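All figures in this text were calculated on a predicted structure; none of them were measured in a lab.
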Amino acid sequence: MIPSKHLNANQPLNVFKMPLVTVEDLQTELYPEIIDQITRNNEQEVLDQIAAAESFAKGFLFKYDTIALFGTDTQAPTVVDENLKKVIKIIASYWLLRKSSPNSSLDLYREDWQLMIGTKQEPGWLTDVKEGRINPDWPYKPNDPSTEIAEDKQHADVSFSSNRKRQNSF
């Protein structure tokens, strides 16, 4: 198990955010001793890779309520989806293994990457979610009343908008 480090006052506030995937969760993809070897016992490096993986996944999930799926600095996620957690773990594992691959076959992790992310020619699960071919039971982004656009309807399967009727007067 990776030892916990105490946070000091000089660290940025975003370190206190509880990620969707924890360091302990990542141990279902990589053995703790492998994580220790790659990061040289630096738990912050693991947390940085998990945060980067979450940020990467958010780019695909722009039409969903990312606050409900990932939480914020002060709020835990309200929707917990095990498949989304698996995607985050695979992305973080792949990026950790790219740093150094002691006793691991990077090809196996690349296959997982292809399955979850994919390419333009062969899209994976996350790309299919983004494109609307797979529609998980997640909440869409809530509507912001301060804008003219209905965000909750913007990426729905069917949406409608029009310009106001023109009034000509001479």
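Residues passing the salt bridge (Lys or Arg N to Asp or Glu O under 4.0 Å) test with Asp128 are Arg133, sequence neighbours excluded.
Closest of all the heavy-atom pairs between Trp113 and Ile90 is N-CG2, 4.0 Å.
Between Glu33 and Gln37, the side chains place no donor N or O within less than 3.5 Å of an acceptor N or O (distance only, hydrogens not considered).
Between Lys120 and Thr127 the shortest side-chain heavy-atom distance does not fall below 4.5 Å. By the 4.5 Å heavy-atom criterion applied to side chains, Asn83 and Pro136 are not counted as neighbours. Using a 4.5 Å cut-off on side-chain heavy atoms (C-beta onward), Leu96 and Ile34 make no contact. Using a 4.5 Å heavy-atom threshold, the side chains of Glu111 and Gln114 count as separate.
Separation of atoms CG (Leu26) and CD (Glu24) is listed at 9.5 Å; rounding is to 0.5 Å. In this structure, CG on Leu84 lies 8.5 Å from CD on Glu54, to the nearest 0.5 angstrom. For the atom pair NZ of Lys86 and CG of Asp112, the computed distance is 6.5 Å after rounding to the nearest 0.5 Å. Distance check, rounded to the nearest 0.5 Å: CG of Leu108 to OH of Tyr94 gives 12.5 Å. Rounding to the nearest 0.5 Å gives a distance of 9.5 Å between CG of Leu20 and NZ of Lys58. With rounding to the nearest 0.5 Å, the separation of OG in Ser55 from CD1 in Ile50 is 13.5 Å.
Between Tyr64 and Tyr140, the ring-plane angle classifies as parallel under the 30° and 60° cut-offs.
There is no path of hydrophobic side-chain contacts, each under 4.5 Å, that joins Val80 to Trp125. The hydrophobic clustering, which links ILVMFWY residues whose side-chain heavy atoms are closer than 4.5 Å, places Ile67 and Leu61 apart.
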Requested in this report: Evaluate the side-chain contact (heavy atoms from CB on, under 4.5 Å) criterion for residues Met116 and Ile91: first the C-alpha distance (whole Å), next the side-chain angles of each, then the deciding distance (0.1 Å), finally the verdict.
Outcome: CA-CA 9 Å; Met116 291 299 177; Ile91 296 169; over 6 Å; no

